[in-house]
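Report on the following structure.
Below, all heavy atoms of this structure are taken into account, side chains as well, without hydrogens, waters or symmetry copies. Chain naming here is simple, since letters A, B, ... match the order of the sequence lines and numbering starts at 1 in each.
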Amino acid sequence: MLQLKVIREEKTRILQGLRKRNWEGAQLKIINEILALDDQRRLNQKELDDSLAEANRLSKQIGPLMGQGKSAEAEPLKQQVAQLKEQSKQLEERQRSIETEQQELLYAVPNCPHKSVPKGKTPDDNAVYRPWPSPMPVLHEGAVPHWDLGKKYNLFDFELGVKLTGAGFPVYRGQGAKLQRALIQFFLEENIKAGYEEIMPPLLVNEDSARGTGQLPDKEAQMYACERDNFYLIPTAEVPVTNLWRGDILAEKDLPIKATAYTACFRREAGAWGAHVRGLNRLHQFDKVEIVQVEHPDNSYKAHQQMIAHVARIMKKLELPYRILLLCGGDMGFASAKTYDFEVWSAAQERWLEVSSVSNFESFQTNRMQLRFKDSNGKIQLAHTLNGSSLALPRIVAALLENHQTPEGIRIPKALWKYTGFKMIS
RNA sequence: GGAUGGGUGGGUGAGUGGCUGAAACCACCGGUUUGCUAAACCGACGUACGGGGAAACUUGUACCGCGGGUUCGAAUCCCGCCCCAUCCGCCA
């Protein structure tokens, strides 16, 4: 969530940013409501503190009096304290209700887009930040989509997944299974080479963690929940990995923290099914390697660019056509200040598929999870967090199969050979 | 699932209901001393939200797992919850 201090001090900038997210009159009023509540909160706190201070002062006099046996003199003091206490209780209740209301409003406000984020309402308004520079690949006669290739070479099986679990839970097998493992290994190794520490986190997290990265309270419907134990299956490794530092106050020299993790990801995606979800395009369970950075606010945008360059390098090694989009205000995630999407070309479906979303959240997540650092002046400030996929497997597999298919079989890019152990799927 | 013991500052760990925001030690930071390093010594050393101040800083309140209660006054007493450790059972 946005920092109160920032809303107070940079209201104009925040309002401008929210307009970029297509917020209008009524919604924008929330900002004023938050600020009005803040004035109330501060006023009320002063009153409360004064009341408590007076009660403390009087209480301190009572002890000695009782010790000296002057209970008659203590009696009126006791009554005064009792009165103050009653008053404090009311003020405290009021304070609590103000804070709750303010908190709820703050939760409803998305991150303020960076000034470089373009205006726009839908995915069509996203800017192509880096187009694919070469001509699109031309497939041979009789080329087919990945779901047919999967069947033909026995790489994955959706019917079996339905038998075991339900739709959206594919079973990978044979070279298909090994390809998954090879990609995971490849991505992790690339990330480690780039200075990321490998993390293998739990796949179930508690409520605090889900709240820390912003999955709760709003996106409850997206996560699978184990109600009995109050755990959630992670929708992305971002959740457990970022929460590793929840509540910490880091030293400035600890920054940046760079972490990578492979995990299975679980998404309910309720109601999102329909067109364009065939095959591996959209699943309830999928594999993903994630990169996360905790950065100094001064460096987070530089880090953002480095992450993009890093993901681009991996895409290149996979020999797949891709482009990078700069998302418009209307298409950005709730918590993000700036997001680049990587899209891979699916040659048989003839459309772009999102395979990575690299975002700078600035202090939106860290404010919620109180992830801070002590700067060189000894001041404590919120760190910035960034994350991105490097990469999500299913659509990469789809593109890989489709783009690299030949009449003789599917060509495996050279970078993967040492992980797959085979150069062709046939 | 059963039994027992625990949750105090970055860590270890004291704490008879008022003098405890909290001893001591370690770590960290600043300094002194010393060819260098080490050691020794001295000092500072929590967080949040308010008030005052341009700032350094100062001041109020809250916080000893969380939430309630008793009391003029709670880290300390009472109740509920959560979490952790160990042992037993089950188990890859």
Expressed as a whole number of Å, how far does the [atom1] atom of [N] sit from that of [M]?
N      : M      : atom1 : result
G18(B) : A23(B) : P     : 16 Å
C83(B) : U20(B) : P     : 36 Å
C64(B) : G53(B) : P     : 32 Å
A75(B) : U16(B) : C1'   : 13 Å
G6(B)  : G43(B) : P     : 36 Å
G89(B) : A3(B)  : C1'   : 11 Å
C28(B) : G11(B) : P     : 15 Å
G9(B)  : A14(B) : C1'   : 13 Å

Pairwise side chain to side chain donor-acceptor pair (under 3.5 Å) hits with a residue in residues 414-426 of chain A, at least two apart: none
[X] has an atom [atom1]; how far is it from atom [atom2] of [N], in whole Å?
X         : N      : atom1 : atom2 : result
Trp245(A) : G10(B) : CH2   : P     : 19 Å
Lys85(A)  : U61(B) : NZ    : P     : 17 Å
Lys78(A)  : G18(B) : NZ    : C1'   : 13 Å
Glu86(A)  : U71(B) : CD    : P     : 13 Å
Gln61(A)  : C72(B) : CD    : C1'   : 11 Å
Leu48(A)  : U61(B) : CG    : P     : 11 Å
Arg42(A)  : G52(B) : CZ    : P     : 9 Å
Glu54(A)  : A62(B) : CD    : C1'   : 18 Å

For [N], the Watson-Crick or wobble partner whose two distances fall under 3.5 Å:
N      : result
C66(B) : G80(B)
A3(B)  : U86(B)
A48(B) : U61(B)
C29(B) : G43(B)

Mind checking if [X] touches a base, just sugar-phosphate, or nothing, with heavy atoms under 4.0 Å?
X         : value
Leu58(A)  : nothing
Arg57(A)  : nothing
Lys374(A) : sugar-phosphate

The side chain of [X] lies closest to which of these nucleotides: [options]?
X        : options                : result
Leu52(A) : A62(B), C49(B), G51(B) : A62(B)
Arg41(A) : G50(B), C72(B), A48(B) : G50(B)
Arg8(A)  : C72(B), G50(B), A48(B) : G50(B)

Salt bridge check, [Y] against [X]: does any charged N sit closer than 4.0 Å to a carboxylate O?
X        : Y        : result
Arg41(A) : Asp38(A) : yes
Glu92(A) : Lys89(A) : no
Lys5(A)  : Glu9(A)  : no

Among pairs that include at least one residue of residues 14-51 of chain A, which meet ring-ring contact (aromatic ring centres under 6.0 Å, His included), considering only residues two or more places apart or in two chains? none
Would you say Met200(A) has more than 12 foreign heavy atoms packed within less than 6.0 Å of its CE? no
Quick one: which of Val292(A), Val294(A), Thr236(A) gives a side-chain contact (heavy atoms from CB on, under 4.5 Å) with Thr242(A)? Val292(A)
Does one side chain, of Arg246(A) or Asn243(A), offer a donor that lies under 3.5 Å from an acceptor on the other? yes
For Ser363(A) and Gln3(A), which I'm curious about, is there any donor-acceptor pair between the side chains at under 3.5 Å? yes
Restricting both atoms to N or O, compile the protein contacts to nucleotides 56-60 of chain B shorter than 3.5 Å, with distance only.
unit_1: A56(B); atom_1: OP1; unit_2: Lys379(A); atom_2: NZ; d: 3.4
unit_1: G60(B); atom_1: N2; unit_2: Asp49(A); atom_2: OD2; d: 2.8

Parallel, tilted or perpendicular, as decided by the 30° and 60° cut-offs, for the rings of Tyr301(A) and His114(A): tilted
Sequence-aligned protein contact record of nucleotides 74-81 of chain B, with B where the base is within under 4.0 Å of a protein heavy atom and S where only the sugar-phosphate is: --------
Toward the 5' end of RNA chain B, which comes first, Leu43(A) or Gln79(A), by nearest nucleotide? Leu43(A)
For Lys46(A) and for Ile380(A), locate the closest nucleotide of RNA chain B by heavy-atom distance; then report the residue assigned to the nucleotide nearer the 5' terminus. Ile380(A)
Residues passing the salt bridge (Lys or Arg N to Asp or Glu O under 4.0 Å) test with Glu198(A), sequence neighbours excluded, are none
Contacts of Lys253(A) that satisfy salt bridge (Lys or Arg N to Asp or Glu O under 4.0 Å) - sequence neighbours left out: none
